Amino acid sequence: MLKIFNKINWLQYQEILLVLLLIIATVLLNKPVGDSFWRFDDPMILKCAIEYRWWEHFIIPESYQCLSAAHLTPWVTFSYALDYNLFGLEPKFFYYHQIFSLSLVSIFTFVLLRLYVNPLIAFFGILLFLIGSPVWVSSQQLMVRHYVEGLLFSIISIHFFILSLRFQQYRYALLGCLFYILATSAKEIYVPLLGILLFIPEGRLKDRFYAAIPYFIWGAIYIIWRKYMLGVFMGGYNPTMHFLNYFNQDILLNGLNKISSFILMAEYANIILILYFCIIVLILRKHLLLNIIGSLLIIAPLVPLFNTEFIEFRTFFFLWWGFCILIIFSYHHIYTKNISLFIPLGIIFGLFLWKVIDKRIETKKNIKPTLVEFNQQGHFYWNENNQKILFSPHKLIFGGGWYFADLEKIKKKLGLSSPHLYALLNLKFLSDSLLLQNTIWRYNIVCQCMEQVAKEDVKKEIANLNSKTVEKKLSIFVSKTLNTIEWKFAPYNQGTYYIISDRFYMPIPKENTALFYDKKLNFIIVYESPEGWITYSPEFTLEKDQIIDWKRP
């Protein structure tokens, strides 16, 4: 390893200072909020990490599928398993790991950029990346670790690929491919990296192609691996949408608006982003092909999400990094080729930075209440026993039944009991004896704390729910074939359908198709009309290769 450092003229002393400043900036800008606990999908990933040995998630489909039906991301389970075996069930150490991984992304981005650009320009460009909203959100969500560490592996992979071209040492390409394998095991958005390598401005095309052969071999193996693990070659939450439909004009425009709104705080954010991108492309027109192909390959894996509700800040983590890299190279080009444009472009950069900071401030303001709520309710559910009832989780995490269900499963493995959980719509099933024997608690969004609820208030809620509940027409069709579940509810086009199970209590479209790997699902469908009345279905049990076709006249 020392030979590698000597060959590439490792960091100079002044650059070590810049690296230390980047580490400090990473910690200060992305430190956890408050008493950080498990949030979002953390209990589900942690449960899978505890239930199976780490290597099983990479090669045994049944073991991995406890985590996801839509995406192949075994690395995140391994990463959780690593923390669990080192630190036990202490969330703070998981968050320290997250910050450490972000720091490594900053360090190795600097090392990679140092091969081409001025160190100070690289430093300020990486600071811009760290300020971006996608980075802050990723630091607060442990479940996004595979995006972070996948990017880290991609950066190291690119670095070794470049070294293999500079020093004509094929072993560097093999090392780079090893990190590419790790990146693709982290998240599918890093699979297209192999296409970008062919257009990196280093060496001859023939040499780049030769160095990329191991990457393409793994790319072919990856497709087979994915098919073996998930049963499908291509992923996504919607298994029936045709590939060509992703390139529908409305979907692409919708995606463009989402990209800009997740990065910039501005009324015309998409226009600003396009103009800034065009300026960068004009400056780097010598490498226009690389810019276009690289941008398309980074955006392409996101296109299936443009027309869904699943797109979130974490989705743009890699895209935001790529855009910052373009900014860094454009400023370096001006610094070395046309210094007269440095100040005008600096003014534009200042305006852009202003809107990025505004977006970060807005994002923290909007997301912090949800983070605090997860902390408060998570701590309550983890620390209390079955002598208490958690009533109606607040709407900020409405639909979070899966969160508490997985916490409960982890506690069961430890021999601990959990509070009973009731959302508003399943208060109907709360028995008088349970209500009498237990205290009832809920989250108060005003004080951001847990408060005890008077039993009389709960009885009033139950009475009000019962007064709205009637037996009305309802038609339910659900089928499960292999790993796909399809459903259609009727006869109402207005109003809202809900699903209630041990893992879900959330709104659900009246018809759709989704990937689903659970062997058995017990559920009830609830319909709430625009007029306010509510009707419940009986409880159903759905198993593999089964059809439920039920109708109430």
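Quantities reported herein were computed from a predicted structural model and do not represent experimental measurements. Keep in mind that the numbers below use all heavy atoms, side chains included, and drop hydrogens, waters and symmetry copies.
Between the side chain of Ser157 and the backbone N or O of Phe153, no donor-acceptor pair lies under 3.5 Å. With hydrogens and angles ignored, the 3.5 Å screen pairs no side-chain donor or acceptor of Tyr80 with any backbone N or O of Asp42. The backbone N or O of Ile59 lies less than 3.5 Å from a partner atom in the side chain of Tyr228, making a donor-acceptor pair. No donor-acceptor distance shorter than 3.5 angstrom exists from the side chain of Asn383 to the backbone of Phe380, with no hydrogens or angles considered. Judged by distance alone, with hydrogens and angles left aside, the side-chain atoms of Asn118 form a donor-acceptor pair with the main-chain N or O of Ile121 at under 3.5 Å. Not a single donor-acceptor pair under 3.5 Å links the side chain of Tyr52 to the backbone N or O of Ile60. Of the possible polar contacts, none joining the Tyr331 side chain to the Gly125 backbone as a donor-acceptor pair under 3.5 Å is found.
With ring centers used as reference points, Phe94 lies under 6.0 Å from Trp38. Phe391 and Tyr422 have their aromatic ring centers separated by at least 6.0 angstrom. Between His379 and Phe37, the distance separating the two ring centers is shorter than 6.0 angstrom. Close placement of the Phe317 and Phe129 rings is indicated, their centers lying within 6.0 Å of each other.
Looking at heavy atoms from C-beta onward, Tyr64 lies out of side-chain contact with Cys48 at the 4.5 angstrom threshold.
Contact detail for Trp75 and Leu182: the closest heavy-atom pair is CZ3-CD2, 3.9 Å. Looking at every heavy atom in both residues, Lys411 comes nearest to Trp382 through NZ-O, 2.9 Å.
Residues Thr363 and Trp136 have side chains that never bring a donor and an acceptor to within less than 3.5 angstrom of each other. Side chains of Gln387 and Thr439: no donor on one and acceptor on the other come within 3.5 Å. Inspection of the Tyr95 and Ser139 side chains reveals no N or O donor paired with an N or O acceptor under 3.5 Å.
Within the cation-pi definition used here (under 6.0 Å to the ring centroid, within 45° of the axis), Arg442 does not qualify as a partner of Tyr381.
Results of the side chain to side chain donor-acceptor pair (under 3.5 Å) test with Ser79 over Glu149, His146, Gln98 single out Glu149 as the only residue that passes.
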